[in-house]
K.L.:
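Mind having a look at this structure? Questions to follow.
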Amino acid sequence: MSDFDLLVRGSEQDIGISDGKFVALGNNLSGSAKSEIDARDLAIFPGVIDAHVHFNEPGRTDWEGFETGSRAAAAGGTTTVFEMPLNAHPPTTNRESFEFKQAAAKINSFVDFGLWGGLVPGNLSDLEALRDCGVVGLKAFMCNSGISDFAHVDLPTLRRGMKRAAELDLLVAVHAESEEITSTLTGAARAADRTGVRDYLNSRPVAAELEAIRCAIDIAAETGCRLHIVHVSCGSGVAVVAKARAKGIDVTCETCPHYLVLTDQDMERLGAVAKCAPPLRSSDDQRQLRDRLSDVTTIGSDHSPSPPEMKQRENFFDVWGGISGCQHLLPLLIDAEISAAEIRRLTSGNVAARFRVNAKGAIAIGRDADFTLVDLAAPEVITTESLYYRHKQSPYVGRTLRGRVRRTFLRGQTIFEDGKFAARPFGRLVRPDLS
Ligand SMILES: [Zn+2]
């Protein structure tokens, strides 16, 4: 009998793992192990929990799917993803669609997965069943979602939904951009045949984001619903959230790597591959976002790919909006010189805490042995061939990143090592703990 299944010798501490859990931490751990790894030259991070991916399965697996999406995630040090309710068909808005997606993910996912439920007009009576299924939260769009089978909520619908979510103790996440402002500006630009990248940027101003964030916060205050604003793109948005939280409102926010490392000028330069909503912002907005990072709770990739044809449109408003980024969440943050402590907080510790997934989120005794080994002395050039996505598109192609993910472990087992993956996927459903 060995003391450990796996013993990792690290520069800061040694890590003992048995039965898929961290069981011992300390300097110069003694005891026998079935296998031992010398990671003293590598940085060790807890497995990233990417709470925002669109893998589009079932129904639009040709856009990505759990197999390729989860491989890319694992290759970037991510061990758990929370998959969004739209872009799959049917969208995850009731028990049947949850079970349908869970079945697909179980067979195909190399990483553990939580599933978001949708909050859409007409599914109020399905929310309890979604809670019982174990959704990590409910996602609602305050503006057009870009996908016809996932309608956005008007404010009365959002209010009723958040009231019900509060009763069910479910977290609600919103895509916060004002439908009124964005649809008015979009309509005017299209009517005037102004359909370039800059016209698109102008149709989704910071003001539209701030307006929607404030509305959602007001409803959270009124209903007592736990609120998470996803993909906040600018420092002023984070400031509004921080101010509300200081007043005791239970609201947090997420940002994404692309808002930290790309700007509106990159969108103009790169075009369709860098289209997203909210759009990329000015370098001033980006600086303010960096300055406000301590008020951000989580960072997710908002990985949202599409077939290449949907990125090839004359009119930029017609181009699919979504950036492929789940493979580089952690490496981009390391490269952006965000401290290791801050990265751990934003990509694992806070995510587990906010979503009440207490088996994950830290290298700590009793938690799932999810972690990744990163070589900070091995720069990596992102090439098209190095992408594991179904469609080899990324706005980061051509960049050289400072760190290279060498090996990723899920519950103590290797799921990725130097370009190779586990023989078969063994990802499991992750559900929030009941409070
Ligand atoms: Zn998204």
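Remember, it's 1-based here, ligands and their atoms both numbered in the order they're listed. Values below: all heavy atoms of this structure, side chains included; hydrogens, waters and symmetry mates excluded.
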K.L.:
Do R354 and T252 have side-chain atoms, one donor and one acceptor, less than 3.5 Å apart?
P.N.:
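There is such a pair between these side chains.
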
K.L.:
Check each of Q288, Q286, E209 against R281 using the side chain to side chain donor-acceptor pair (under 3.5 Å) test, and report the only one that passes.
P.N.:
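Filter result, single survivor: E209.
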
K.L.:
Is the distance between the Zn ion (ligand 1) and the nearest N/O/S atom of H231 smaller than 2.8 Å?
P.N.:
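H231 does not place any N, O or S atom closer than 2.8 Å to the Zn ion (ligand 1).
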
K.L.:
What closest approach, in Å, do C143 and E177 show between heavy atoms, and which atom pair accounts for it?
P.N.:
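So the two residues come closest at CB-O, 3.2 Å.
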
K.L.:
Using a cut-off of strictly less than 2.8 Å, determine whether H175 has an N/O/S atom near the Zn ion (ligand 1).
P.N.:
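Checking the Zn ion (ligand 1) against H175, no N, O or S atom falls under 2.8 Å.
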
K.L.:
Among the N, O or S atoms that D302 has, which is closest to the Zn ion (ligand 1)?
P.N.:
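Nearest N/O/S atom of D302: OD1.
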
K.L.:
Under 6.0 Å from the six-membered ring centre of Y388 and within 45° of its axis: does the NZ or CZ of R71 meet both?
P.N.:
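No cation-pi geometry.
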
K.L.:
Please name the atom of H54, restricted to N, O or S, that is closest to the Zn ion (ligand 1).
P.N.:
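The Zn ion (ligand 1) is closest to the H54 atom NE2, counting only N, O or S.
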
